[in-house]
Number of protein chains: 4
Amino acid sequence: MTRGRPRDTAIEGRLLAAAAEELRHGGYDGLSIDRVAERAGVAKTTLYRRWASKAELVVALIAMMREEIPFEPSDDPRADLTALVTAIAAGLSETPTTLIADLAAAAAREPRVGESVRALWAERHGAVTAVVAKAQEAGLVLDHVAPALLVDQLVGPLYYRLLVTQEPLTPEYARTLVLSVLGPEESP
Amino acid sequence: MTRGRPRDTAIEGRLLAAAAEELRHGGYDGLSIDRVAERAGVAKTTLYRRWASKAELVVALIAMMREEIPFEPSDDPRADLTALVTAIAAGLSETPTTLIADLAAAAAREPRVGESVRALWAERHGAVTAVVAKAQEAGLVLDHVAPALLVDQLVGPLYYRLLVTQEPLTPEYARTLVLSVLGPEESP
Amino acid sequence: MTRGRPRDTAIEGRLLAAAAEELRHGGYDGLSIDRVAERAGVAKTTLYRRWASKAELVVALIAMMREEIPFEPSDDPRADLTALVTAIAAGLSETPTTLIADLAAAAAREPRVGESVRALWAERHGAVTAVVAKAQEAGLVLDHVAPALLVDQLVGPLYYRLLVTQEPLTPEYARTLVLSVLGPEESP
Amino acid sequence: MTRGRPRDTAIEGRLLAAAAEELRHGGYDGLSIDRVAERAGVAKTTLYRRWASKAELVVALIAMMREEIPFEPSDDPRADLTALVTAIAAGLSETPTTLIADLAAAAAREPRVGESVRALWAERHGAVTAVVAKAQEAGLVLDHVAPALLVDQLVGPLYYRLLVTQEPLTPEYARTLVLSVLGPEESP
DNA sequence: GAGTAAGCGAGACGGTACGTCGAGTCTTGGT
DNA sequence: ACCAAGACTCGACGTACCGTCTCGCTTACTC
């Protein structure tokens with residue numbers, strides 16, 4: 001089975017890098033296919049050979065962004081949770097709000113993008129779910145609520161503040177979130 | 001001292017109706033200013049005289065869409081809270097997700113829109129804050145957390161589910177949210 | 001009857017001038033819509049508002065290029081005919097051949113263009129028909145053939161040479177054409 | 001000293017056949033190299049190994065089209081001429097106008113194509129020239145005009161009608177053309 | 001009969017142009 | 001002032017085609 005000229009693998013990287021750069025600035029709408037191609041030193045057709053549309057390009061871009069966040073759970077779920085939520089808050093704070101908002105918007109518009117974005121965030125929040133479950137087992141949390149809900153109440157407010165009320169995501173805020181969910185530490 | 005021809009008040013309604021219809025179909029992106037104007041039998045200029053941009057138009061549209069939720073606080077904060085959160089969840093579910101997402105994106109990009117959108121949402125969540133404060137006074141909630149945070153944990157997860165995980169906002173979910181924050185009802 | 005903002009009449013001229021310049025260089029194929037628009041300092045959409053396609057633009061261009069050939073018939077049909085045919089030959093010689101050929105091709109393909117091009121050429125050859133008829137009335141030509149046919153035999157060979165044999169259209173050639181149709185002048 | 005794998009001679013035929021088919025439909029512009037290759041079940045490279053460009057391919061195609069039209073001159077030049085012109089008119093009528101027009105356009109654009117097309121047509125009209133010369137020798141035509149011009153006046157109007165006025169080429173028209181050039185038959 | 005040069009299929013690639021669409025601004029004439 | 005109509009700019013989108021290129025495989029001539 002002949003295969004024809006193989007794709008230049010370097011191009012894909014250059015293209016995604018260029019797209020990432022564009023996305024960082026103008027957000028989803030500000031990302032121009034023409035500019036991405038030009039920036040990557042590539043013909044527009046070459047880009048379209050890889051991704052059928054702007055949305056698909058962003059899907060790939062996001063998939064690429066998923067960096068493994070190595071997390072080592074300790075024996076102290078409370079500390080773990082605080083660390084995790086603080087880290088997520090920090091990550092969100094560093095990223096331009098417009099980008100995250102545009103991403104959410106694109107996810108709502110384009111099913112394929114939504115899929116990809118959900119996968120990305122699921123991965124990002126996976127550790128939280130695990131630690132919450134562990135905390136509940138350890139009796140640190142009342143078991144009248146599902147762990148998934150607790151995760152929502154830990155992470156959800158971050159996005160809520162970011163996208164809705166546009167208030168700052170301080171480490172302090174992250175800490176009080178955990179405090180509210182786990183309750184005050186008992187002094188022995 | 002107004003001078004010149006007064007605005008045709010009927011136009012505003014037709015325009016918003018047309019925009020609503022457009023929005024229901026194609027979402028935020030599918031809403032074309034040209035089409036809205038044409039559908040309303042109105043010149044584009046006339047539309048722009050009322051709202052400076054597509055985003056502003058949608059802001060107004062949303063503002064119109066929100067029904068005044070006359071809320072009469074009862075003696076039972078728990079019941080009140082459940083009713084409120086359920087109502088908010090229902091409202092969000094009815095509105096196309098793209099709309100809310102794009103609104104958040106526009107809010108992040110343009111300060112003017114952000115202001116307007118924040119005001120809208122603040123108004124919407126105001127009752128929740130009041131009831132939460134009341135519940136805390138009544139000793140229903142532990143006072144180790146600020147009431148504002150509790151509101152975030154009641155309302156935030158709704159937006160989180162909507163925009164991030166894209167899971168459905170059922171009344172059941174709203175109820176468990178309240179349950180998680182207030183704790184299980186004590187039987188006397 | 002409201003009319004809206006009137007077209008900027010200056011634009012049309014700039015556009016046609018730019019197109020003419022482009023045409024002079026690269027020929028029909030070398031004429032790029034984008035470049036024409038840019039050269040005229042005008043948005044591409046503005047160009048497309050006037051002409052639906054490249055072909056239509058060129059039709060208009062040709063129509064503009066044709067000078068009104070004010071023709072005053074004298075008493076001498078032979079002289080008139082010679083003048084007319086020579087003028088037509090000269091006109092064809094001045095215009096790039098590719099242009100005329102592509103015009104004919106576009107005319108064959110698209111009815112709309114065909115219509116326009118036929119009208120242009122009909123106008124151009126109208127005077128010939130008139131003079132031929134007059135010559136026939138004056139007994140200068142045998143009446144065994146319809147005047148329309150004689151016109152074809154006077155003008156047709158010009159296009160034939162231009163498009164088919166690609167031989168030059170000299171004034172000498174034009175003269176012999178007339179000579180062949182009218183026969184040699186009788187010396188009294 | 002030929003080395004390496006010899007060319008597959010069958011390919012050339014399939015390619016030309018495919019190209020002919022394409023040309024018959026969309027004309028010169030509608031002929032797409034990619035489609036021709038695909039239709040012939042051949043890689044584009046293989047096509048380009050034979051002809052350096054689209055123009056060259058069409059050149060070859062046209063050269064192939066030149067069928068020898070065996071013509072046996074009789075003793076009656078008038079009858080011969082009528083037969084010839086009628087045959088040419090019929091041939092032109094059968095061929096799609098767009099094809100001929102596009103061919104003329106391509107001939108004007110691409111020198112190499114022009115060369116080939118001229119050769120084709122010269123061959124097609126060669127017999128006419130011969131018979132006209134013979135008629136002139138026989139005193140059937142006045143000798144004040146060159147035979148080449150008479151040919152132009154016999155054949156030119158056909159192309160003129162086809163490409164310019166877009167009027168039908170009837171056998172009747174062909175007959176009157178001859179009649180006009182030779183004059184009415186003298187009854188002895 | 002093993003090498004090897006060329007032919008071949010498949011398809012990537014750069015480049016250029018096309019025609020369309022949407023947002024927002026601007027310019028008329030008319031109310 | 002307001003309104004209708006519509007021209008205008010800017011910038012993006014996705015498609016089509018041409019001609020070049022790079023693979024891996026195949027074929028026949030040559031040594």
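A note on names: the letters A, B, ... follow the listed sequences, proteins ahead of strands, and every chain is numbered from 1.
- In terms of position on DNA chain F, the residue among B/Thr9 and C/Val42 whose nearest nucleotide sits closer to the 5' end is B/Thr9.
- With hydrogens and angles ignored, no donor-acceptor pair closer than 3.5 Å exists between the side chain of A/Arg5 and the base of F/dC23.
- Listed pair A/Arg50 / E/dC13 meets the phosphate criterion, a side-chain N or O lying under 4.0 Å from OP1 or OP2.
- Residues D/Asp102 and C/Ala105 share a closest heavy-atom pair of OD1-CB, 3.4 Å.
- Contact record, B/Leu47 with B/Val42: N-CG1, 4.4 Å, taken as the closest heavy-atom pair.
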Worked verdict on A/Glu12 versus A/Arg7 for salt bridge (charged side-chain N to carboxylate O under 4.0 Å, His left out): CA-CA 9 Å; A/Glu12 199 138 333; A/Arg7 293 212 175 151; 5.2 Å; no

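- With E/dG24, F/dG14, F/dG19 as the candidates, the nucleotide lying closest to the side chain of A/Ser53 is F/dG14.
- Spacing between atom CD of C/Glu56 and atom P of E/dC18 amounts to 15 Å, rounded to whole angstrom units.
- At its two ends the helix from E/dG1-F/dC31 to E/dT31-F/dA1 runs along axes set 20° apart, each axis drawn from five pairs and the angle rounded to 10°.
- Taking the centre and axis of the six-membered ring of C/Tyr28, the NZ or CZ atom of C/Lys54 falls inside the cone set by 45° and 6.0 Å.
- Judged by distance alone, with hydrogens and angles left aside, the side-chain atoms of D/Arg35 form no donor-acceptor pair with the main-chain N or O of D/Leu31 at under 3.5 Å.
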Mind running side-chain contact (heavy atoms from CB on, under 4.5 Å) on B/Arg50 and B/Ile11 for me, showing each step along the way? CA-CA 10 Å; B/Arg50 284 162 175 74; B/Ile11 284 178; 3.9 Å; yes

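- Between A/Leu57 and A/Leu16, the shortest heavy-atom distance links the atoms CD1-CD2, 4.1 Å.
- With a 6.0 Å radius and a threshold of 12 heavy atoms from other residues, nucleotides or ligands, B/Glu21 has its CD atom above the threshold.
- Put simply, CG on D/Asp8 is 18 Å from P on E/dA6, counting in whole angstrom units.
- In this structure, D/Thr45 reaches the bases: a heavy-atom distance under 4.0 Å links it to at least one base atom across the strands shown.
- When the C1' atom of F/dC3 is taken as reference, atom CG of B/Leu15 falls 12 Å away, rounded to whole Å.
- Note on C/Arg7: only backbone sugar-phosphate atoms sit closer than 4.0 angstrom, heavy atoms only; bases stay farther off.
- Rounded to an integer number of Å, the gap from B/Tyr48 OH to F/dG6 C1' is 14 Å.
- Note that CZ of D/Arg49 and OG1 of D/Thr45 are 6.5 Å apart. Values are rounded to the nearest 0.5 Å.
- The phosphate of E/dA12 (OP1 or OP2) has no side-chain N or O of A/Thr46 nearer than 4.0 angstrom.
- To the nearest angstrom, C1' of E/dG11 lies 15 Å from CG of D/Leu47.
- Within residues 27-40 of chain D, the residues that have a heavy atom under 4.0 Å from DNA chain F are, in order of number, D/Leu31, D/Ser32, D/Ile33, D/Asp34, D/Arg35.
- Within the 3.5 Å criterion, the main-chain N or O of C/Ala40 finds a donor-acceptor partner in the side chain of C/Arg14.
- One can find a donor-acceptor pair under 3.5 Å joining the base of F/dG19 and the side-chain atoms of D/Lys44.
- B/Arg49 places its CZ atom 13 Å from the P atom of E/dC26, with the value rounded to the nearest Å.
- Taking atom CD of D/Glu22 as the reference point, atom C1' of F/dC17 lies 12 Å away to the nearest angstrom.
- In this structure, C/Ile11 places its CD1 atom 11 Å from P of F/dA7, rounding to the nearest Å.
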